[in-house]
Peer 1: 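Below: one structure in structure tokens.
Index from 1, following the sequence. The structure presented is a predicted model; accordingly, all values stated were derived computationally and were not measured.
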Amino acid sequence: MNDRNSDGLKDLGLWRTFLAAHRSGSVSAAARMLGLAQSTVTAQLQALEKSMGEPLFVRLARGIRPTARADELASRLAGPLDALVEAVGARPVTEPPRLRLGGAAEFLARVALPALAPAVADGLRLVVTAGLAEDLLGELRVGSLDLVISAVRPRGRALPVAPFLDEELVLVAAPSLGIIPSSELRADALEGTPLLAYARDVPILRRYWRHVFGIRLEREPALIAPDLRALAAAAVAGAGVTVLPTYLIADELADGRLVVVRETEDPPINTLYLVRRPGPLTGGVAVVEQTLRAAVAEL
């Protein structure tokens with residue numbers, strides 16, 4: 001009879017050790033969680049890897065790093081195993097809150113990370129990945145991320161999702177351009193002003209032109225930069241007009257470096273969503289969700 005078994009039940013103790021190691025990121029921390037000797041934890045992890053027929057952790061100079069296979073297993077096992085531990089009254093595998101968070105680089109830098117800084121100082125273990133919404137949702141589906149701040153609502157019901165923030169988009173420029181702000185400003189008044197865009201197909205500008213001016217934007221941008229912070233900096237320097245979310249340029253609007261050149265009572269809105277991986281709400285996800293919701297409530 002080989003090391004594999006048909007239902008895996010005899011290895012529950014090994015899986016509990018695996019989960020503690022995955023959550024803590026080190027053999028010594030897992031041993032403290034479980035009240036075991038480090039040598040016992042090491043032996044159990046080796047036995048589990050032998051049973052699985054593949055390594056589950058990469059041994060580093062300080063700690064261990066889970067493989068992609070280990071991340072997948074942990075995402076599937078955490079909920080059922082924690083529920084079983086609770087049901088039989090065993091001591092739970094305690095852990096420092098930890099989370100793998102994805103989102104747009106601009107929102108992460110301007111809102112999320114400053115808001116989460118106190119939690120990190122208090123022990124939260126946070127790994128952040130910046131990228132495009134569809135790419136991040138793909139990583140969430142395969143278990144490589146725990147929570148994503150997404151500008152795209154995922155299709156289907158596989159991923160728990162909730163509206164998070166309505167970004168208000170405004171048309172801005174530096175005062176040095178001499179554009180007189182007005183709620184009656186027409187698109188043709190901007191014909192000679194360079195456009196600053198996020199991408200070649202000017203998705204944010206096109207949306208604004210259609211929503212506010214009621215026309216299709218046909219012009220090419222003078223500047224393309226796939227970072228809203230870069231566009232804000234270029235606008236402050238007088239390069240042209242652009243459309244940005246108000247949260248990103250609150251300081252620039254407050255001190256007058258940028259002005260809203262077309263006031264409107266019905267600005268375009270871009271909804272952000274909090275999307276988390278399936279399964280029970282873990283401590284890390286709960287801490288981060290609560291913190292982020294408190295942060296955006298003050299925007």
Peer 1: Do the side chains of Y273 and L292 join up, straight or via other hydrophobic residues, at under 4.5 Å, putting them in one cluster?
Peer 2: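 They do not share one cluster, since no chain of ILVMFWY contacts under 4.5 Å joins Y273 to L292.
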
Peer 1: Do D146 and R276 have side-chain heavy atoms sitting under 4.5 Å apart?
Peer 2: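 Side-chain contact under 4.5 Å: no.
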
Peer 1: Are the side chain of R257 and the backbone of V236 linked by a donor-acceptor contact shorter than 3.5 Å?
Peer 2: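 Checking the backbone N and O of V236 against the side chain of R257, no donor-acceptor pair under 3.5 Å is found.
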
Peer 1: Only pairs under 3.5 Å count here: list side-chain donor-acceptor contacts from residues 126-143, not counting sequence neighbours, and write none if there are none.
Peer 2:
none

Peer 1: Closest approach of R186 and F213, non-hydrogen atoms and distance?
Peer 2: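 Scanning both residues completely, I find the closest heavy atoms to be C-CE2, 3.9 Å.
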
Peer 1: Could you please spell out the steps behind the side chain to side chain contact (heavy atoms under 4.5 Å, CB included) verdict for L48 and L56?
Peer 2: CA-CA 9 Å; L48 188 58; L56 297 174; 4.1 Å; yes

Peer 1: For R277 and R100, work out which heavy atoms get closest and say how close.
Peer 2: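 So the two residues come closest at NE-NH2, 4.3 Å.
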
Peer 1: For the residue pair L145 and G102, what are the closest heavy atoms and their distance?
Peer 2: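 Shortest heavy-atom separation between L145 and G102 comes out as CD1-CA, 4.2 Å.
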
Peer 1: Identify, with sequence neighbours excluded, every residue that meets side chain to side chain contact (heavy atoms under 4.5 Å, CB included) alongside A104.
Peer 2: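 E106.
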
Peer 1: Treat each ILVMFWY residue as a node, draw an edge where side-chain heavy atoms are under 4.5 Å apart, and state whether V288 and V275 are in one component.
Peer 2: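 Hydrophobic grouping puts V288 apart from V275.
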
Peer 1: Scan the side chains in residues 217-230 for donor-acceptor partners under 3.5 Å anywhere in the protein, sequence neighbours excluded, and list what turns up.
Peer 2:
{"from": "E218", "atom 1": "OE2", "to": "R216", "atom 2": "NE", "distance (Å)": "3.3"}
{"from": "R219", "atom 1": "NH1", "to": "L190", "atom 2": "O", "distance (Å)": "2.8"}
{"from": "R219", "atom 1": "NH2", "to": "E191", "atom 2": "O", "distance (Å)": "3.4"}
{"from": "R219", "atom 1": "NH2", "to": "T193", "atom 2": "O", "distance (Å)": "2.5"}
{"from": "D227", "atom 1": "OD1", "to": "R229", "atom 2": "N", "distance (Å)": "2.8"}
{"from": "D227", "atom 1": "OD1", "to": "R229", "atom 2": "NE", "distance (Å)": "3.1"}
{"from": "D227", "atom 1": "OD1", "to": "A230", "atom 2": "N", "distance (Å)": "3.4"}
{"from": "D227", "atom 1": "OD2", "to": "R229", "atom 2": "NH2", "distance (Å)": "2.8"}

Peer 1: Side chain to side chain contact (heavy atoms under 4.5 Å, CB included), that's the test. Do L73 and M52 meet it? Break it down for me.
Peer 2: CA-CA 11 Å; L73 289 168; M52 293 295 296; 3.9 Å; yes

Peer 1: Listed by chain and number, what are the side chain to side chain donor-acceptor pair (under 3.5 Å) partners of S26, not counting sequence neighbours?
Peer 2: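 S28.
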
Peer 1: Side chain to side chain contact (heavy atoms under 4.5 Å, CB included) for L231 and L244? Distances and angles first, verdict last.
Peer 2: CA-CA 8 Å; L231 294 183; L244 296 168; 4.2 Å; yes

Peer 1: Which value, rounded to the nearest 0.5 Å, describes the distance between L45 atom CG and L14 atom CG?
Peer 2: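 Atom-to-atom, L45:CG and L14:CG are 8.5 Å apart.
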
Peer 1: Any chance you could measure F107, atom CZ, to L113, atom CG, to the nearest 0.5 Å?
Peer 2: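 So the gap between those two atoms works out to 10.0 Å.
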
Peer 1: State, to 0.1 Å, how close V152 and S150 come at their nearest heavy-atom pair, and which atoms those are.
Peer 2: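 So the two residues come closest at O-OG, 2.6 Å.
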
Peer 1: Could you list who else is in V58's hydrophobic cluster, with ILVMFWY side chains joined at under 4.5 Å, directly or through other members?
Peer 2: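 Its cluster partners, ordered by chain and number, are L60.
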
Peer 1: Using modelled atom types only, decide if a donor and an acceptor are shared between the side chain of H22 and the backbone of R65 within a distance under 3.5 Å.
Peer 2: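 Checking the backbone N and O of R65 against the side chain of H22, no donor-acceptor pair under 3.5 Å is found.
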
Peer 1: If two hydrophobic side chains count as joined below 4.5 Å and joins carry through other members, does V120 share a cluster with V285?
Peer 2: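 Cluster IDs for V120 and V285 match.
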
Peer 1: Is there a path of hydrophobic side-chain contacts, each under 4.5 Å between heavy atoms of I, L, V, M, F, W or Y residues, that connects L274 with V148?
Peer 2: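 No; V148 is not reachable from L274 via cluster members.
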
Peer 1: Report the distance from atom CZ of R206 to atom CG of L195, rounding to the nearest 0.5 Å.
Peer 2: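 One finds 12.5 Å between CZ of R206 and CG of L195.
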
Peer 1: Count I, L, V, M, F, W, Y as connected when their side-chain heavy atoms are under 4.5 Å apart, and connections chain through other members. Are I215 and V202 then in the same cluster?
Peer 2: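 Linked within one cluster.
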
Peer 1: So do the side chains of Q44 and F18 get within less than 4.5 Å of each other, counting heavy atoms only?
Peer 2: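 No. Closest side-chain heavy atoms not under 4.5 Å.
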
Peer 1: Specify the closest pair of heavy atoms between A21 and F57, including all atoms of both residues, with the distance to one decimal.
Peer 2: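 Closest approach of A21 to F57: CB-CZ, 3.9 Å.
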
Peer 1: With distance as the sole test, does T291 use its side chain to make a donor-acceptor pair with the main-chain N or O of V287 at under 3.5 Å?
Peer 2: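 Indeed, once roles are kept as given, a pair shorter than 3.5 Å links the two residues.
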
Peer 1: Check the side chains of S183 and E263 for a donor-acceptor pair under 3.5 angstrom, ignoring hydrogens and angles.
Peer 2: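 Not at all, the side chains of E263 and S183 share no donor-acceptor pair under 3.5 Å.
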
Peer 1: Is there side-chain contact between T264 and H211, with heavy atoms separated by less than 4.5 Å?
Peer 2: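 Counting from C-beta outward, T264 and H211 never come under 4.5 Å.
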
Peer 1: Just wondering, are more than 12 heavy atoms of other shown residues or ligands nearer than 6.0 Å to CZ in R76?
Peer 2: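 12 or below, so no.
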
Peer 1: Rounded at 0.5 Å granularity, tell me how far CD in E289 sits from CG in L101.
Peer 2: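 CG of L101 is found 10.5 Å from CD of E289.
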
Peer 1: So which atom in P268 and which in V212 form the shortest heavy-atom distance, rounded to 0.1 Å?
Peer 2: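 P268 and V212 have their closest heavy atoms at CD-CG2, 3.9 Å.
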
Peer 1: Please set out all donor-acceptor pairs under 3.5 angstrom arising from side-chain atoms of residues 157-181, sequence neighbours excluded.
Peer 2:
{"from": "D166", "atom 1": "OD1", "to": "T271", "atom 2": "OG1", "distance (Å)": "2.7"}
{"from": "E167", "atom 1": "OE1", "to": "N270", "atom 2": "ND2", "distance (Å)": "2.8"}

Peer 1: Report the C-alpha distance between E54 and T67 in whole Å, list the side-chain angles of each, state the deciding distance to 0.1 Å, and finish with yes or no for side chain to side chain contact (heavy atoms under 4.5 Å, CB included).
Peer 2: CA-CA 10 Å; E54 61 182 308; T67 63; 5.7 Å; no

